[in-house]
Amino acid sequence: MKLQNMFKKTTKEQVDTLNKVKPEVPDGLLRKCNKCGKPVVADDVRANYYICPKCGGYFRVKAYKRIEMLADEGTFEEWDKVTATDNVLDFPNYEEKLQALREKTGLDEAVVTGKAMINGMPAVIGVMDGRFMMGSMGKTVGEKIVNAVERATLEKLPVIIFTCSGGARMQEGMVSLMQMAKTSAALKRHSDEGQLYISVLTDPTTGGVTASFAMLGDIIIAEPKALIGFAGPRVIEQTIGQKLPEGFQSSEFLLEHGFIDMIVEREELKDKLATILKLHTQGELDKVSLKLPKSVKKADETPQTAWERVELSRKKDRLVGDDYINVLFTDFMEFHGDRYFADDKAIKGGVANFFGKPVTVIAQVKGKTTKENIERNFGMPSPEGYRKALRLMKQAEKFNRPIICFVDTPGAFCGIEAEERGQGEAIARNLFEMSGLKVPVLSIVIGEGGSGGAIAMAVANEVWMMENSIYSILSPEGFASILWKDSKKAKEAAEVMKMTAKDLQELAIIEKIIEEPAKFTVHNFAPVEKILKANIYEFISRYAGMSADEIVDRRYDRFRSM
């Protein structure tokens with residue numbers, strides 16, 4: 001009995017002693033995740049692109065580590081390393097603070113600039129580091145960025161800038177604010193020379209950096225869940241007392257509201273940037289021989305009436321814009337948003353490769369299921385959809401890329417909100433700007449081509465139609481309702497409206513009809529694919545030998561003759 005009591009006592013004493021002893025962890029072995037608060041092994045974080053292995057939260061990356069993750073080994077050449085920053089306002093203790101930060105971080109300032117290769121593609125890069133005065137932009141930061149951009153302009157190189165900043169540097173007052181204009185002006189000259197600028201937004205990107213070079217990219221990428229905004233949450237709450245909703249000013253919020261092109265996971269970023277750089281090189285069409293099939297259908301499959309073609313153009317299993325993009329092009333990269341309000345999913349656009357030639361592809365996209373159709377608003381674009389399309393067209397013009405448009409809409413969305421945001425102006429602006437684009441534009445009506453909603457994507461050098469598509473002033477139902485006060489006479493209306501491909505070719509409204517099976521689905525796309533590829537190849541080849549003025553004049557003359 002005594003032996004048992006002694007054993008219990010000893011065990012209790014041992015447990016108490018063990019509870020008092022804290023496990024010794026070597027310095028630097030563990031880190032605390034700033035998202036979930038859990039301890040994580042530092043080596044695991046480094047091996048995982050500085051992403052928390054437990055919650056997926058992103059740690060901020062030091063500038064030189066970011067460059068190590070981005071640049072091909074041994075290719076980074078640093079530019080403009082400085083040793084001093086002007087204290088333009090004679091701000092108390094500013095120089096001492098800067099010197100202490102230089103010693104602590106190993107940085108000369110809040111941005112590192114230079115030149116590197118990314119999967120073999122050259123680029124000028126700038127990487128901001130939040131450890132240096134929260135990545136704030138003063139005169140020296142502005143000077144380093146401008147120097148890098150100017151040198152990139154001279155050497156005809158793309159620029160990639162990673163932002164991580166609290167904004168303008170308070171200790172430099174108005175001199176800091178002037179860097180917003182200075183960096184923007186340098187990027188305008190770079191852009192005017194037809195050079196590419198990619199902005200990569202990381203956590204946080206706020207203030208004067210957001211309101212200048214961060215949001216001026218030809219392509220704007222963000223890391224997931226990054227804080228991005230002009231006025232930071234604390235500033236908003238303290239200034240106007242407004243509590244911000246969950247997810248406000250996040251990458252995801254900006255994507256939904258049309259301000260960025262894409263969100264890219266950190267581990268995929270290098271390859272994504274390399275693909276973008278490759279798609280922005282001036283490639284020529286590969287030399288290929290494309291043979292056309294003899295026929296894609298049997299004679300008895302041909303629809304006999306205009307209404308039958310209307311029905312075929314609306315069939316649920318008919319190919320939609322997504323199908324054409326996926327089959328006809330390679331390396332398609334979608335870009336999002338109009339940079340003003342939203343990302344309209346009724347219009348999909350981006351850059352792709354067509355037999356070695358970069359092209360801009362824009363499609364009005366319907367869904368194939370009820371859920372998809374609701375998401376894409378049944379292929380009826382809103383003003384932001386047309387503004388997104390125009391943004392991508394102007395981008396194509398800058399980089400001298402042919403534009404391929406796929407038209408498939410019952411008409412532009414006519415809801416209250418569309419009118420509030422200027423539907424008529426958005427369509428009119430497309431007609432105005434498309435008429436003067438200095439690159440060849442091809443528009444193909446693949447389903448319904450309804451009214452102004454269709455022509456806003458069809459001010460082209462040539463317009464083609466799939467054999468069973470329609471292109472009309474409005475729907476047959478609407479036509480019958482307006483003229484005959486009876487929408488039930490839609491079948492008769494279809495006949496008199498001259499809306500079929502054959503009718504419109506005879507009227508010289510379109511240039512080409514693409515033959516298709518009567519029951520046209522993804523399962524019998526192969527012969528049509530060959531026809532389309534051969535014809536698009538011939539179109540691009542033909543216009544490649546023309547000057548910009550000739551391309552514009554041909555487009556003008558096309559419509560002037562109608």
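Side-chain atoms are counted along with the backbone in the values below, which use heavy atoms only and exclude waters and symmetry mates.
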Suppose we screen for ring pair (Phe, Tyr, Trp, His ring centres under 6.0 Å). Which residues come up paired with [X], at least two apart in sequence or across chains?
X: F539; value: Y543
X: F162; value: none
X: Y471; value: none
X: F335; value: none

Pairs meeting criterion salt bridge (charged side-chain N to carboxylate O under 4.0 Å, His left out) with involvement of residues 514-527, two or more places apart: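 Those involving residues 514-527 are R318-E516.
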Residues that [X] engages under side chain to side chain donor-acceptor pair (under 3.5 Å), provided they are two or more places apart:
X: K512; value: N535
X: D261; value: R339, R391
X: T206; value: none

Straight-line distance of K316 NZ to K366 NZ, nearest 0.5 Å: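 It is 12.0 Å, given to the nearest 0.5 Å.
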Stepwise salt bridge (charged side-chain N to carboxylate O under 4.0 Å, His left out) check, R376 with E372: CA-CA 6 Å; R376 298 195 180 278; E372 287 176 355; over 6 Å; no
Should we count [atom1] of [X] as having more than 12 external heavy atoms under 6.0 Å?
X: F432; atom1: CZ; result: no
X: K270; atom1: NZ; result: yes
X: R314; atom1: CZ; result: yes

Whether F520 and Y324 hold their rings parallel, tilted or perpendicular, with breakpoints at 30° and 60°: perpendicular
Name of the residue among D317, D322, D323 meeting side-chain hydrogen bond (donor to acceptor under 3.5 Å, both in side chains) with K368: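 Option passing the side-chain hydrogen bond (donor to acceptor under 3.5 Å, both in side chains) with K368: D323.
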Counterpart residues, salt bridge (charged side-chain N to carboxylate O under 4.0 Å, His left out), relative to K345 (two or more places apart): E375
Partners passing salt bridge (charged side-chain N to carboxylate O under 4.0 Å, His left out) against R401 (at least two apart in sequence or in another chain):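 For R401 there are no salt bridge (charged side-chain N to carboxylate O under 4.0 Å, His left out) partners, ignoring immediate neighbours.
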Side chain to side chain contact (heavy atoms under 4.5 Å, CB included) assessment of Q195 paired with V159: CA-CA 8 Å; Q195 300 304 315; V159 172; over 6 Å; no
State plainly whether the residues [X] and [Y] are in salt-bridge range, i.e. N to O under 4.0 Å.
X: E397; Y: K438; value: no
X: E311; Y: K315; value: no
X: E511; Y: R542; value: no

Option among D338, D343, D344 that satisfies the salt bridge (charged side-chain N to carboxylate O under 4.0 Å, His left out) test with K388: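 With K388 as partner, D338, D343, D344 yield a single salt bridge (charged side-chain N to carboxylate O under 4.0 Å, His left out), made by D343.
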Any pair counted as side chain to side chain donor-acceptor pair (under 3.5 Å), so long as it reaches residues 409-424, sequence neighbours left out: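 Qualifying pairs: E384-R421.
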Derivation and outcome, side-chain hydrogen bond (donor to acceptor under 3.5 Å, both in side chains), residues Y49 and E268: CA-CA 10 Å; Y49 294 89; E268 299 172 0; over 6 Å; no
Results of side-chain contact (heavy atoms from CB on, under 4.5 Å) for A494 - residues two or more places apart only: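 Partners of A494 under the side-chain contact (heavy atoms from CB on, under 4.5 Å) test: A306, W307, V310, P476, M499.
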